[in-house]
Amino acid sequence: MSVTLDIRLKRANKVYHEGEVVAGVILLVCKEALQHHGISLSMEGLVNLQLSSKSVGVFEAFYNSVKPIQLISSNIEVAKAGKVPGGKTEIPFEFPLSTKGNKVLYETYHGVFVNIQYTLRCDMKRSLLAKDLTRNCEFIVHCQPQKAKVVPTPVNFTITPDTLQNIRERSALPKFLIRGNLDATNCVISQPLTGEVVVEHSDVPIKSIELQLVRVETCGCAEGYARDATEIQNIQIAEGDVCHSLAIPIYMVFPRLFTCPTLETTNFKVEFEVNIVIVLHDDHLITENFPLKLCRV
């Protein structure tokens with residue numbers, strides 16, 4: 001006999017803040033009456049940490065201490081053992097989104113080495129012959145907006161062969177002068193990163209100008225820290241040999257779930273950077289790096 005179990009939240013965007021109530025319905029659809037041994041609903045918030053392959057072995061002690069950090073965990077019985085009538089049944093539920101003790105609800109974030117996730121799980125117990133039913137549903141937690149105003153910190157930059165670091169043979173580099181600015185490095189996560197870049201002069205034709213958003217995730221304990229940078233997104237803002245002395249706008253929207261307000265705790269850190277990458281025709285890469293501080297207001 002076919003039966004479907006689903007969790008439907010009242011909010012279409014599934015975004016909640018600490019102190020609010022997560023409300024919705026458990027939806028059961030079956031053709032005929034269904035016997036069950038109880039329906040329960042649990043809410044869990046976890047931070048999962050893992051090490052990159054290059055750090056494995058270096059941090060033996062840390063490897064044993066990488067247990068998921070539990071932020072929130074609660075369970076309610078939605079229905080006692082009994083029968084569900086045929087057709088469509090909706091069972092409403094409400095869960096207060098609050099932590100026990102002095103724990104903090106971090107914002108939902110899907111990273112590579114740090115993952116912060118909040119889920120609802122519905123379990124329907126059935127007889128031995130019938131399989132138990134389980135359904136998971138992720139909801140998103142946004143941290144409380146900060147009251148203070150974010151003061152934009154504009155950054156002007158100039159890139160020439162002399163300003164570059166990690167260069168083996170500076171004399172072999174072609175001559176170029178690239179200027180620009182970022183309107184702010186203290187960024188509001190719900191607003192785009194903006195600015196402009198101007199190619200004043202370049203001996204070698206330019207192939208492409210790209211904007212690369214990078215997350216820097218640090219996991220660790222007293223024995224040491226593993227710090228890994230991975231790319232989130234890469235946006236091309238110019239193609240081909242652009243006109244010199246022409247301002248090219250920089251505009252990047254921070255992607256949902258893959259970014260969160262800059263976070264620093266005793267066990268892990270999540271930070272962000274942006275790279276302005278100029279690709280020359282001979283495939284030389286010129287990169288300028290800017291640390292960003294993200295916040296929610």
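Of all heavy-atom pairs between A247 and P249, the closest is O-CD, 3.8 Å. Of all heavy-atom pairs between F176 and P161, the closest is O-CD, 3.4 Å. Taking all atoms of both residues into account, the shortest heavy-atom contact from Y16 to V22 is CE2-CA, 3.8 Å. Of all the heavy atoms in E107 and C143, the pair that sits closest is OE1-N, 3.0 Å. For the residue pair V25 and P92, the shortest heavy atom distance occurs at CG1-CA, 3.9 Å. What you find for P152 and D183 is that their closest heavy atoms are CB-O, 4.0 Å.
Side-chain atoms of T265 come within 3.5 Å of backbone N or O of F268 as a donor-acceptor pair. Between the side chain of D203 and the backbone N or O of P174 there is no donor-acceptor pair closer than 3.5 Å. At distances below 3.5 Å, not a single donor-acceptor pair connects side-chain atoms of N275 with backbone N or O atoms of V277. T259 places a side-chain N or O within donor-acceptor distance of the main-chain N or O of P255, the cut-off being under 3.5 Å. Without hydrogens or angle criteria, Q233 side chain to V253 main chain gives a donor-acceptor distance under 3.5 Å.
Between N48 and I116, every side-chain heavy-atom pair lies at or beyond the 4.5 Å cut-off. Inter-residue side-chain proximity for T134 and C122 is flagged as unmet; no heavy-atom pair is nearer than 4.5 Å. Q50 has its side chain out of reach of C219: every pair of non-hydrogen atoms, C-beta onward, lies at least 4.5 Å apart. Looking only at side-chain heavy atoms (C-beta outward), V78 and I26 come within less than 4.5 Å of each other. For the pair T89 and I91, the minimum side-chain heavy-atom distance is below 4.5 Å. Put simply, the side chain of R296 reaches to within 4.5 Å of the side chain of H142, judged on heavy atoms. Inter-residue side-chain proximity for V216 and D228 is flagged as unmet; no heavy-atom pair is nearer than 4.5 Å. Proximity of L9 to L120: side-chain heavy atoms (C-beta onward) are separated by under 4.5 Å at one or more points.
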Please walk me through it: do F290 and F157 pass ring pair (Phe, Tyr, Trp, His ring centres under 6.0 Å)? CA-CA 10 Å; F290 303 92; F157 59 88; 5.2 Å; yes
What's the verdict on side chain to side chain contact (heavy atoms under 4.5 Å, CB included) for N234 and L213, showing C-alpha distance, side-chain angles and the deciding distance? CA-CA 6 Å; N234 196 323; L213 184 61; over 6 Å; no
I276 and V274: CA distance, side-chain angles, deciding distance, side chain to side chain contact (heavy atoms under 4.5 Å, CB included) verdict: CA-CA 7 Å; I276 292 172; V274 69; 5.6 Å; no
From CA spacing to verdict: side chain to side chain contact (heavy atoms under 4.5 Å, CB included), Q144, H17: CA-CA 6 Å; Q144 293 293 2; H17 298 87; 3.9 Å; yes
Given side chain to side chain contact (heavy atoms under 4.5 Å, CB included), test T158 with I178 step by step and report yes or no. CA-CA 6 Å; T158 302; I178 295 155; over 6 Å; no
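Counting only N and O atoms by type, the side chains of H110 and E138 include a donor and acceptor under 3.5 Å apart. N136 and T119 share no donor-acceptor pair across their side chains, judged by distance under 3.5 Å alone. A donor-acceptor contact under 3.5 angstrom links the side chains of R215 and T230, judged on distance only. D283 and H281 form no side-chain donor-acceptor contact under 3.5 Å, judged by distance and modelled atom types alone. Between the side chains of E217 and Y109, at least one donor-acceptor pair of N or O atoms lies under 3.5 Å. For the residue pair Q70 and E44, a side-chain donor N or O sits within less than 3.5 Å of a side-chain acceptor on the partner. No hydrogens or angles considered: nothing links the side chains of Q236 and E210 as a donor-acceptor pair under 3.5 Å. A donor atom on one side chain and an acceptor atom on the other are not found under 3.5 Å apart for N156 and N181.
Rounding to the nearest 0.5 Å gives a distance of 9.0 Å between OG1 of T163 and CG of L177. Within the model, atoms OG of S202 and CG of L280 stand 5.5 Å from one another, a figure rounded to the nearest 0.5 Å. The line from OG of S40 to CG of N75 is 5.0 Å long, rounded to the nearest 0.5 Å. The CD atom of Q117 sits 10.5 Å away from the CZ atom of F139 when rounded to the nearest 0.5 Å. Atoms CD1 and CG, from I248 and L211 in turn, are 11.5 Å apart once rounded to the nearest 0.5 Å. Atom NZ of K10 and atom CZ of F93 lie 9.5 Å apart (nearest 0.5 Å).
Under a 4.0 Å N-O distance rule, the pair R11/E20 qualifies as a salt bridge. A salt bridge links D123 with R121; the closest basic N to acidic carboxylate O contact falls under 4.0 Å. Salt bridge D132/R126: absent, no basic N to carboxylate O contact under 4.0 Å.
Both M252 and F272 belong to a common hydrophobic cluster when Ile, Leu, Val, Met, Phe, Trp and Tyr are linked at side-chain heavy-atom distances under 4.5 angstrom. The hydrophobic cluster containing I159 does not contain V279, counting ILVMFWY residues as joined when their side-chain heavy atoms lie under 4.5 angstrom apart, directly or transitively. Cluster membership for F254 and V155, using ILVMFWY side-chain heavy atoms within less than 4.5 angstrom, is shared. If you chain together hydrophobic residues whose side chains sit under 4.5 Å apart, V188 and L182 never meet in one group. Residues V297 and L105 do not share a hydrophobic cluster, clusters being chains of Ile/Leu/Val/Met/Phe/Trp/Tyr side chains in contact below 4.5 Å.
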